[in-house]
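The structure appears right after this line, and notes come after that.
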Amino acid sequence: NHLRKEKGYPLLDKDVFFSKDAREQLSTEHISAQKNEELSELYDDEFEGDYLHSLGNLVLDTKSSNSRKGNDSTDVKMEEFLKSSLMSQSELNDYNVNWLDIEDVKRFIDERNEKLLEFINEKLM
């Protein structure tokens, strides 16, 4: 909702977050897929241990959209993210990432982690 407010969009009410409709229920999606043949060859032990399930590699998604993406490559997912009405997905366009360069992906996740943690800490204070 913070991103929606910043960009002048109506806020999502609590019903969206607690929807009983399976198509609308929210879940978390890995930006860089957990299981993708092309990507898994790039993942090293450090990535799997420190980055794969990190906050910076996760984004809210609806369950139906998450299922549709499956284990697509990140480039394919990014096209879907940019069409989403969820601002946390569309803001991913602010990052320039080579999804086939594991060090660049780690940099992205580190940057996004830092940004999200700063936001959380700011809201808690």
Side-chain angles (χ1 to χ4, degrees):
N1 270 338
H2 174 76
L3 293 172
R4 295 181 74 79
K5 186 176 180 180
E6 269 188 354
K7 296 182 183 201
Y9 288 88
L11 301 181
L12 301 175
D13 64 25
K14 67 178 181 176
D15 295 339
V16 172
F17 296 97
F18 299 103
S19 176
K20 301 292 183 205
D21 183 338
R23 294 168 299 152
E24 296 174 355
Q25 288 178 337
L26 296 176
S27 66
T28 54
E29 167 73 13
H30 286 79
I31 298 166
S32 188
Q34 292 184 78
K35 298 173 185 169
N36 175 284
E37 261 183 53
E38 182 181 26
L39 295 176
S40 61
E41 293 176 11
L42 301 174
Y43 294 169
D44 55 21
D45 290 340
E46 179 188 30
F47 185 83
E48 290 193 10
D50 297 338
Y51 291 88
L52 186 59
H53 304 295
S54 172
L55 182 62
N57 192 37
L58 300 174
V59 69
L60 284 178
D61 202 359
T62 60
K63 284 187 177 181
S64 63
S65 178
N66 191 334
S67 295
R68 187 176 59 249
K69 288 181 198 82
N71 292 315
D72 287 342
S73 71
T74 309
D75 286 334
V76 172
K77 286 182 175 188
M78 287 301 291
E79 292 174 23
E80 291 293 319
F81 291 151
L82 298 178
K83 297 176 191 173
S84 174
S85 62
L86 295 170
M87 294 291 164
S88 58
Q89 289 185 15
S90 60
E91 66 95 25
L92 296 174
N93 194 39
D94 295 345
Y95 297 91
N96 184 18
V97 184
N98 176 354
W99 297 107
L100 298 177
D101 177 348
I102 197 66
E103 295 306 316
D104 203 33
V105 174
K106 289 177 184 178
R107 178 197 53 78
F108 155 75
I109 293 171
D110 283 338
E111 284 179 20
R112 192 158 182 273
N113 266 335
E114 186 174 320
K115 182 178 178 181
L116 291 169
L117 290 174
E118 283 177 11
F119 173 78
I120 292 166
N121 286 326
E122 179 182 301
K123 295 302 176 189
L124 290 176
M125 298 299 166

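One-based numbering along the sequence shown.
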Practice task
May I ask you to say whether K106 pairs ionically with D44, meaning some side-chain N is under 4.0 Å from a carboxylate O?
Solution key: yes
Enter the distance from [X]:[atom1] to [Y]:[atom2] here, rounded to the nearest 0.5 Å.
{"X": "L26", "Y": "D61", "atom1": "CG", "atom2": "CG", "value": "8.5 Å"}
{"X": "I102", "Y": "Y51", "atom1": "CD1", "atom2": "OH", "value": "9.5 Å"}
{"X": "Q89", "Y": "M78", "atom1": "CD", "atom2": "CE", "value": "9.5 Å"}

Exercise for the section: Check S32 against T74 and note the closest heavy-atom contact, atom names and distance. Expected result: CA-OG1, 3.4 Å
Problem - Flag if over 12 foreign heavy atoms under 6.0 Å of CG, N121 - result: yes
Handout entry: Heavy atoms from other residues, nucleotides or ligands near CG of D94 exceed 12 (cutoff 6.0 Å)
Key = yes
Practice task
Taking side-chain contact (heavy atoms from CB on, under 4.5 Å) as the test, write out the residues that go with D101, two or more places apart.
Solution key: N98, E103, D104
Fill in the blank from the handout: Across all chains, not counting sequence neighbours, the side-chain contact (heavy atoms from CB on, under 4.5 Å) partners of L55 are N113, L116, L117, I120
Fill in the blank from the handout: The side chain to side chain donor-acceptor pair (under 3.5 Å) partners of T28 (sequence neighbours excluded) come to none
Problem - Residues that E91 engages under side chain to side chain donor-acceptor pair (under 3.5 Å), provided they are two or more places apart - result: R112, K115
Completion exercise
Sorted by chain and number, sequence neighbours left out, salt bridge (charged side-chain N to carboxylate O under 4.0 Å, His left out) with D50 holds for none
Handout entry: Sequence neighbours excluded, every pair satisfying ring pair (Phe, Tyr, Trp, His ring centres under 6.0 Å) that has a member inside residues 70-95
Key = Y95-F108
Check whether [X] and [Y] end up in the same hydrophobic cluster, where Ile, Leu, Val, Met, Phe, Trp and Tyr are linked by side-chain heavy atoms less than 4.5 Å apart.
{"X": "V59", "Y": "I109", "answer": "yes"}
{"X": "Y43", "Y": "V105", "answer": "yes"}
{"X": "V97", "Y": "L52", "answer": "yes"}

Problem - Donor-acceptor pair, side chain of N57 and main chain of H30, under 3.5 angstrom - result: no
